[in-house]
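Okay, so here's the structure we're looking at.
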Amino acid sequence: MTDEVRSKKGAQTRVDQIHAFRRELAALRSDGVFTMAEAERARVDAHHADVLRGLQAAFDVDVTVAQKQMSWGMRVASAIGAAALAMAVYFFFYRVWGLLATPVQILLLVVAPIAAIGATEWVQRRDSSGYFATLTATVGLACFVLNLVVLGTLFNTTPRPLVFLAWSVFAFLIAYGYGLRLLVASGILLAMAYLSAQVGTWSGLYWISTGERPEHFIVAGLAFFALPWVVPHPRNESFVPIYRVLGLTAAFLAVIVLSNWGSASYLPFSTYAVEVGYQLLGFVATTAAIWIGIRQSWHDVANTGMTFFAILFFTKVFDWWWELLPRYLFFLLLGVIAIGFLFVIRRLRRFAAESSS
């Protein structure tokens, strides 16, 4: 059975299915609906025990509730530790940089990311969970970022958006080589920065000013949201939600900015018309994301759509009624709207349950 599972996410799904089967079998036996013969139950239990051992050995999955809870803590600690170590490397470089000769600086810049990737390989061979590999790989990415920045400063080169592409490719290579979700998220963000800057240069902007035109990020966000459809991820299923969430987040944030700052748009209309148009687009797009997420059982897409729908809606409520209503009526209105959201979400949950049954 472990040969049929090709990713850690698939292995964890299989483990959860086994535990769900055991709980349901115990409930059926308790209700007197179904009783399995002892010999058959022992054979099934032995088979499941073998499957769990094989999956844990192959993918280091969580086979108990306690392990799942501790894994969440390890993910948080890994992310915090990775950020802290990256900052430590950054400040250490700048602390000792002026004390080093130029050849030593260049050698250090070249060797540091290579050494970090070597450490990642060594750690991954001894701990397949990925938590410690995330630490060393993030340090490697930080070293590579410093590498290009400092080398550009040393040789007085003109900054270009291609550096974002180089950093993104580096992050993706590590992420797909070792199955590290934090690194694939970094690669996506860097690639979206590159695409946004590149689109800005095509429209005549200097690439550093690309943030002044949020529509660039709509293009980049939608591109990465759609990428898993074009490029399947059979061995990295856990990467797919990251593409979808970060892509939608970039696009929706840009829409929210433009719905309140229409002068930043390329559209040849008045500021008011652009803002109203993006407000309508925001409501339509977030509603579509909720509907698609429910229909496709993409909980990450549905949750992202609901989050940004609520942000957009409550932002408009503030714009419409903050100056018109007394404070107590305004907050009473917010409370009533929140209750309405609860009823709507409850109906959506029922719809999702009916469509999956």
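These numbers come from the heavy atoms of this one structure, side chains and all, not from hydrogens, waters or symmetry mates.
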Query raised in the report: Closest heavy-atom contact between Leu109 and Leu146?
Result: CD2-O, 4.0 Å
**Report entry** Considering all heavy atoms, the nearest Ala264-Pro214 contact
**Finding:**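 For Ala264 versus Pro214, the nearest heavy atoms are CB-CD, 3.7 Å.
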Report task. Please list, chain by chain and in numerical order, all residues satisfying salt bridge (charged side-chain N to carboxylate O under 4.0 Å, His left out) with Glu121, sequence neighbours excluded. Result -> Arg125
Can a donor-acceptor pair be found, under 3.5 Å and without considering hydrogens, that links the side chain of [X] to the backbone of [Y]?
{"X": "Gln124", "Y": "Ala133", "result": "no"}
{"X": "Asn303", "Y": "His299", "result": "yes"}
{"X": "Thr120", "Y": "Ala116", "result": "yes"}
{"X": "Arg126", "Y": "Trp122", "result": "yes"}
{"X": "Arg213", "Y": "Ser265", "result": "yes"}
{"X": "Arg181", "Y": "Ser238", "result": "no"}
{"X": "Thr201", "Y": "Gln198", "result": "yes"}

Report summary line: Sorted by chain and residue number, the ring pair (Phe, Tyr, Trp, His ring centres under 6.0 Å) partners of Tyr266 (sequence neighbours excluded) come out as His216
Nearest 0.5 Å, what's the [atom1]-[atom2] distance between [X] and [Y]?
{"X": "Arg22", "Y": "Asp45", "atom1": "CZ", "atom2": "CG", "value": "5.5 Å"}
{"X": "Thr307", "Y": "Ile290", "atom1": "OG1", "atom2": "CD1", "value": "8.5 Å"}
{"X": "Leu248", "Y": "Leu253", "atom1": "CG", "atom2": "CG", "value": "10.5 Å"}
{"X": "Ile80", "Y": "Leu135", "atom1": "CD1", "atom2": "CG", "value": "11.0 Å"}
{"X": "Phe252", "Y": "Thr286", "atom1": "CZ", "atom2": "OG1", "value": "6.0 Å"}
{"X": "Tyr194", "Y": "Phe164", "atom1": "OH", "atom2": "CZ", "value": "11.5 Å"}

Query - side chain to side chain donor-acceptor pair (under 3.5 Å): pairs with one or both residues in residues 246-262, sequence neighbours excluded - result: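 Side chain to side chain donor-acceptor pair (under 3.5 Å) check on residues 246-262 returns Asn260-Lys316, Trp261-Ser263.
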**Report entry** Atom CZ of Phe132: over 12 foreign heavy atoms under 6.0 Å
**Finding:** no
Query raised in the report: More than 12 foreign heavy atoms under 6.0 Å from CZ of Arg160: is that the case here?
Result: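 No - once you tally the heavy atoms of other residues, nucleotides and ligands closer than 6.0 Å, there are 12 at most.
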Can you list the other members of the hydrophobic cluster that holds [X], where links are side-chain heavy atoms under 4.5 angstrom apart?
{"X": "Tyr278", "value": "Ile218, Leu222, Val255, Leu258, Leu267, Phe269, Val274, Leu281"}
{"X": "Val111", "value": "Leu107"}
{"X": "Tyr272", "value": "Val276, Leu280"}

Query - Residue from Val245, Val240, Ile292 passing side chain to side chain contact (heavy atoms under 4.5 Å, CB included) with Trp298 - result: Ile292
**Report entry** Aromatic ring proximity, centroids under 6.0 angstrom, Phe309 and Phe283
**Finding:** yes
Requested in this report: Answer yes if Val104 and Leu99 sit in the same cluster of Ile, Leu, Val, Met, Phe, Trp and Tyr residues linked by side chain heavy atoms under 4.5 Å apart, and no otherwise.
Outcome: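 Not linked; separate clusters.
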Query raised in the report: Ile188, Val219: one ILVMFWY side-chain cluster at the under-4.5 Å cut-off?
Result: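 No; tracing contacts between hydrophobic side chains, which count when under 4.5 Å, never links both residues.
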Query - Step-by-step side chain to side chain contact (heavy atoms under 4.5 Å, CB included) determination, Phe170 to Ile117 - result: CA-CA 11 Å; Phe170 186 85; Ile117 300 308; 4.0 Å; yes
